[in-house]
Amino acid sequence: MKYYSIGYAVNDGLPEVTCEDVQKLTHMNLAFGLISENGLLDLHQMTHLDLIPQFRDWNPALRVVLSVGGWGAGGFSLMSRTEEGRRAFAESCRKAVEEYHLDGIDIDWEYPCSDQAEIDCDSSDKQNYTKLLQALRDALGMNRIVSTAVGAGDYFPENTEMDKVAEIVDYVQLMTYDMRNGFTHQAGHHASLSASHGDTSNTNTRYIVELFHNAGVPYNKLVVGAAFYCRHYTGAANVNNGLLQEASAGMYGPNYDGLTEEFRREHNYTEYWDEDAEAAYLWNGETFISFESPEAIRRKCEYVKEKGMLGVMYWEHSADHTRELLTVIAKTLNI
C-alpha cells in the first residue's frame, strides 16, 4: 500500500522548502487561502505560489493542494447557506486550481456549528458543510483532490454528516493535535497516540480515529495528524512530573526545533516518556511541555499502517528546521 505524507506549509515558510523536503512528501497543503467578503476564494496573502513549479521539478509526483480556512478564518457559514454561494465559491476555487496548476482544494473549516473561533456559524452548517464539499467536487471533477481537515473531538462528527462527507472527499485529515489547548486547564499531552494512565478525557489519537470511523469514514480515507510544535502549561503541581495536574491553559509553543539541548539546559528541563500515552514531554518542576518526539511520530506512523489508514499529515512544515520529524514519517511510511 502506498501511504501519504502530507505537510501543511504556511506561505512565509515556502521559500525555505528544500528539494530533500519535497522528496519526502506525497502532498503539500498550502496554508491558507481565505474566503472574501463576496464569498469567493481570496489569495491575497499567498505570495509564493510561483514556487510551485520548482517543487514539481524536485518531485514530479508531488500533489500540491490549496488549503482554505484555518483557525479564525470566517466566511464558510454565510457562503455555504445558499446554493448560489456554494457554487460561486467552488467556481472561484476551480479557476485558482487551473491558474496555478494545483491538484485540488482542502477545506479547513474550524468548525461547523461552532463560534469558538469567533467566526460566523449557524445550525444549518451541519448540512451545508456536506453541500459545500459536494459543490467543490462538482466544480473540480473526480480527477482533482477534494479533502477536508477536521477537529479532533466529539463535537466535529456531532455537527457534521461525516458518512456523507466521506463519500465526497478523497480523504479526511484528523487534526489529532491541540486536543489539549488554550481552553484546557490540565497539563497533559496535546497530540498523544494513546491515553495516559488515569486520563479519561478522550484526548488521544486512537479515540479520535475510532470516533470518525464509527461516524462513517472508512479507515482507508483517514489521515492522522502530527504536531511539529508544542503546547506548554504552567503552574502545575510538582506531582507525577506535572502530568494531569491542574495548570494554566495550554499555550502555543515552542516549535519542535526550539527544543534544543541549550534550551533544555537553560530552563532545567528533563525529557520523559509516557509509555501509556506513547508520548514524550518535558518537565522542570514548574512548566510542562507536550511535544511529539521522533519515537512518538514513528509510533503514529506504525499505527496508521496497522489500521490500514491512508497516511500522516502534519502542522506545520517550518516548525522543524532539523527535519527530524519529517524524516521519520518518510522512513516509516516508505515514501
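This chain uses plain numbering: 1 for the first residue, then up along the sequence.
The main-chain N or O of A195 is never found under 3.5 Å from a side-chain atom of S192 such that the two would form a donor-acceptor pair. Between the side chain of R264 and the backbone N or O of L259, at least one donor-acceptor pair lies under 3.5 Å.
Residues passing the salt bridge (charged side-chain N to carboxylate O under 4.0 Å, His left out) test with D125, sequence neighbours excluded: none. For R81, there are no salt bridge (charged side-chain N to carboxylate O under 4.0 Å, His left out) partners at least two apart in sequence or on another chain. In terms of the side-chain contact (heavy atoms from CB on, under 4.5 Å) criterion, residue partners of E302 (sequence neighbours excluded) are, by chain and number, R298, K305, T332. With sequence neighbours left out, the side-chain contact (heavy atoms from CB on, under 4.5 Å) criterion links N181 to D178, F183, T184, R231. Residues satisfying the ring-ring contact (aromatic ring centres under 6.0 Å, His included) criterion with H213, sequence neighbours excluded, are Y219. Partners of E16 according to the salt bridge (charged side-chain N to carboxylate O under 4.0 Å, His left out) rule, which considers only residues two or more places apart in sequence or in another chain, do not exist here. Residues forming a side-chain contact (heavy atoms from CB on, under 4.5 Å) with T260 (at least two apart in sequence, or on another chain): E262, F263. Judged as a side-chain contact (heavy atoms from CB on, under 4.5 Å), and not counting sequence neighbours, the contacts of L49 are L30, L43, M46, I52, Y100. Remark: E20 engages no residue in a salt bridge (charged side-chain N to carboxylate O under 4.0 Å, His left out) (not counting sequence neighbours).
A side-chain N or O of D154 and one of Y207 form a donor-acceptor pair less than 3.5 Å apart. In the model, S77 has no side-chain atom that pairs as donor or acceptor with a side-chain atom of D122 under 3.5 Å.
K300 has no carboxylate O lying under 4.0 Å from a charged side-chain N of E295, or vice versa, which leaves the two without a salt bridge. By the 4.0 Å N-to-carboxylate-O rule, E210 lies close enough to K307 to be salt-bridged with it.
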With a 3.5 Å cut-off and sequence neighbours excluded, list the donor-acceptor pairs that the side chains of residues 132-144 form with protein atoms.
from : atom 1 : to   : atom 2 : distance (Å)
Q134 : NE2    : D138 : OD1    : 2.9
R137 : NE     : I168 : O      : 3.1
R137 : NH1    : G141 : O      : 2.9
R137 : NH1    : R144 : O      : 2.8
R137 : NH2    : I168 : O      : 3.0
R137 : NH2    : D170 : OD2    : 2.7

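Pairs engaging residues 21-75 under the ring-ring contact (aromatic ring centres under 6.0 Å, His included) rule: Y4-H27, H27-Y171, F32-W315 [sequence neighbours left out].
Of the candidates Y155, Y129, F76, Y111 forms a ring pair (Phe, Tyr, Trp, His ring centres under 6.0 Å) with just one, namely Y155. Here the options are V217, L211, V209, the test is side chain to side chain contact (heavy atoms under 4.5 Å, CB included), and the partner is L174; only V209 passes.
Applying the under-4.5 Å side-chain rule to Ile, Leu, Val, Met, Phe, Trp and Tyr, the cluster around L78 consists of that residue alone.
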